[in-house]
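Heads up: the structure comes next, in structure tokens.
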Amino acid sequence: MKKIILTGDRPTGRLHVGHYAGSLKERVLLQNTGNYDEIYIMIADAQALTDNAEHPERVRQNIKEVALDYLACGIDPEKATIFIQSMVPELTELTFYYMNLVTVSRVQRNPTVKSEIKQRNFEASIPVGFFCYPISQAADITAFRATAVPVGEDQLPMLEQCKEIVHKFNSVYGETLTEPEIVLPSNSACLRLPGIDGKAKMSKSLGNCIYLSDEPEVIQEKIMSMFTDPTHLKVSDPGHVEGNPVFTYLDAFCKPEYFAEFLPEYQNLDELKEHYQRGGLGDMKVKRFLNHVMQTELAPIRERRQMWEQRLPEVYDILKAGSMSARETAAKTLADVRHAMQIDYFESKNLEM
Ligand code: ATP
Ligand code: MG
């Protein structure tokens with residue numbers, strides 16, 4: 001069986017370090033192993049419209065931003081197909097058929113959907129399209145016969161839903177669709193990176209992000225204003241590292257060599273954490289170190305982004321070619337699906353059937 005990756009992001013803003021830790025970094029690593037036959041990276045504009053229907057200009061503008069962030073992080077258009085979701089209308093048709101295989105109460109139980117409905121204050125006015133986005137995501141994944149989906153932890157319920165649809169489809173219509181596996185980051189700090197405000201998830205919609213494209217001064221300002229341990233008032237107080245986003249970011253981004261370079265009085269992160277927990281280590285010192293770490297990690301990404309910003313026509317050519325090629329693949333799966341569902345009326349030679 002072919003090894004195929006499908007993953008993507010909503011063009012609701014520029015990408016942030018949570019995306020990088022949770023999914024982008026892993027994608028680039030997987031891409032560069034050469035172990036995958038096909039890699040599809042989708043800019044999910046149709047999904048973004050499910051909660052931005054009145055702001056199409058926002059979605060349109062952010063297609064470019066997300067594409068630039070991809071190229072900046074090292075997604076290589078020679079190795080991966082980058083495409084725009086709505087340019088592959090086969091995905092919409094698949095979604096429509098899959099909707100019949102899922103109950104309303106099943107979607108209502110999805111914990112990520114639940115918390116996003118709360119976060120967006122939808123209450124009694126949930127757009128039907130938004131409610132159905134887990135089903136449309138199953139269409140995206142299965143259209144490309146993805147075997148691996150590298151994403152953050154918030155996507156676990158979507159992958160579960162997708163597998164259920166695959167099983168249901170295959171049991172009703174016969175073996176047709178491929179079951180995907182979620183690929184979570186191996187570093188647990190990257191599963192769901194918190195926001196700089198300490199909230200559980202860094203998210204474009206919550207405005208608590210460090211963006212991959214932030215200027216060095218902005219990154220520094222954001223890090224210096226970060227939420228830490230509210231019980232750590234004086235330098236001498238013992239501090240907590242759990243639930244303290246400054247340490248979570250260090251867990252996610254710090255490499256051992258950064259100590260020799262920026263904080264030689266400590267051997268490693270464990271020593272730094274021990275000192276913080278014991279008391280006697282100030283937040284400012286840890287934040288200054290984190291700033292060095294983040295600046296070092298983000299500088300090459302920002303530079304590559306600036307280079308691609310000068311080549312926008314080429315970026316759009318990449319998206320156009322990617323969308324055309326993705327459409328061909330999705331059309332093949334859709335033909336299989338229509339055949340399995342016996343709605344391929346004009347393909348059959350036997351007119352009695
Ligand atoms: P929105 O608020 O518009 O939903 P988002 O910031 O949640 O935006 P998505 O486009 O929904 O971003 O997510 C894209 C990918 O990035 C998914 O794989 C998701 O799991 C991952 N991701 C997003 N935020 C984080 C985070 N804070 N930590 C780890 N992974 C994340
Ligand atoms: Mg999201």
Side-chain angles (χ1 to χ4, degrees), residues 5-30 39-53 55 58-59 61-63 65-67 69-70 73 75 82 84-85 110-122 127 129-131 133-134 136-137 140-141 146 148-162 180-214 222 226-227 245 248-249 251-253:
I5 290 178
L6 177 286
T7 182
D9 306 88
R10 295 154 36 96
T12 49
R14 290 174 288 149
L15 298 185
H16 52 65
V17 296
H19 296 119
Y20 185 62
S23 173
L24 270 169
K25 206 157 133 185
E26 192 76 34
R27 289 181 213 174
V28 175
L29 279 174
L30 295 177
I39 302 176
Y40 297 94
I41 315 265
M42 179 181 80
I43 306 184
D45 64 333
Q47 191 186 118
L49 284 166
T50 64
D51 57 341
N52 284 282
H55 300 286
R58 186 183 297 162
V59 173
Q61 176 62 22
N62 282 311
I63 297 251
E65 301 293 345
V66 172
D69 284 327
Y70 285 167
C73 285
I75 302 277
I82 308 175
I84 301 176
Q85 187 182 25
N110 181 316
T112 301
V113 173
K114 261 193 204 165
S115 76
E116 289 177 342
I117 286 173
K118 209 184 261 166
Q119 186 195 318
R120 287 161 177 72
N121 295 319
F122 279 152
F130 182 82
F131 189 72
Y133 94 74
S136 117
Q137 232 169 279
D140 305 332
I141 295 168
V149 183
V151 283
E153 197 187 32
D154 62 321
Q155 295 301 310
L156 251 171
M158 308 306 160
L159 265 289
E160 284 311 308
Q161 177 76 81
C162 178
E181 286 304 326
I182 191 166
V183 180
L184 292 170
S186 49
N187 178 344
S188 66
C190 299
L191 287 171
R192 186 182 297 244
L193 202 77
I196 53 171
D197 57 359
K199 290 220 176 89
K201 183 174 172 267
M202 180 179 288
S203 161
K204 287 171 263 167
S205 307
L206 294 175
N208 57 5
C209 309
I210 296 175
Y211 292 99
L212 293 172
S213 48
D214 276 343
K222 287 181 178 175
M226 265 175 82
F227 174 90
T248 312
Y249 288 15
D251 278 327
F253 297 104

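Order of listing sets the numbers, starting from 1, for every ligand and every atom in it.
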So if I apply the side-chain contact (heavy atoms from CB on, under 4.5 Å) rule between V17 and each of L24, I210, D214, which one comes out positive?
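Looking at L24, I210, D214, the match for V17 under the side-chain contact (heavy atoms from CB on, under 4.5 Å) is I210.
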From the options C209, P245, P194, select the one residue that forms a side-chain contact (heavy atoms from CB on, under 4.5 Å) with M202.
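For M202, the side-chain contact (heavy atoms from CB on, under 4.5 Å) test succeeds with only one of C209, P245, P194, which is C209.
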Just which atoms of ligand 1 are under 4.0 Å from any heavy atom in [X]?
X: C190; value: 29 (C)
X: V151; value: 18 (O)
X: R120; value: 4 (O)
X: G152; value: 18 (O), 19 (C), 20 (O), 30 (N)
X: R192; value: 28 (N), 29 (C)
X: G22; value: 29 (C), 30 (N)

Could you label the plane-to-plane angle of the F122 and F130 rings as parallel, tilted or perpendicular, counting under 30° as parallel and over 60° as perpendicular?
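Rings of F122 and F130: perpendicular, as their planes differ by over 60°.
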Parallel, tilted or perpendicular: which describes the rings of Y249 and F253, with under 30° parallel and over 60° perpendicular?
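The rings of Y249 and F253 stand perpendicular, inter-plane angle above 60°.
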If the contact criterion is a heavy-atom separation under 4.0 Å, does [X] count as touching ligand 1?
X: S203; answer: yes
X: L191; answer: yes
X: G195; answer: no

Output yes when the distance from some N or O of ligand 1 to some N or O of P150 is under 3.5 Å, and no in every other case.
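N/O-N/O distance under 3.5 Å: no.
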Please round to the nearest 0.5 Å and tell me the distance separating atom CD of E160 and atom OG1 of T112.
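So the CD of E160 and the OG1 of T112 are separated by 11.0 Å.
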Any idea which protein heavy atom is nearest atom 7 (O) of ligand 1, and the distance to it?
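Closest protein heavy atom to atom 7 (O) of ligand 1: K201 NZ, 2.5 Å.
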In the protein, what heavy atom is nearest to atom 2 (O) of ligand 1, and what distance, to one decimal place, separates them?
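Going atom by atom, the protein heavy atom closest to atom 2 (O) of ligand 1 ends up being S205 OG, 2.6 Å.
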Nearest non-hydrogen partners of L159 and E181, listed with the distance
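That would be CD1-C, 4.4 Å.
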With a 4.0 Å cut-off, would you call D9 and R27 a salt bridge?
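Answer for the salt bridge query: yes.
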Would you say E65 and Y211 are linked by a side-chain donor-acceptor pair, where the criterion is simply a distance under 3.5 Å?
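No.
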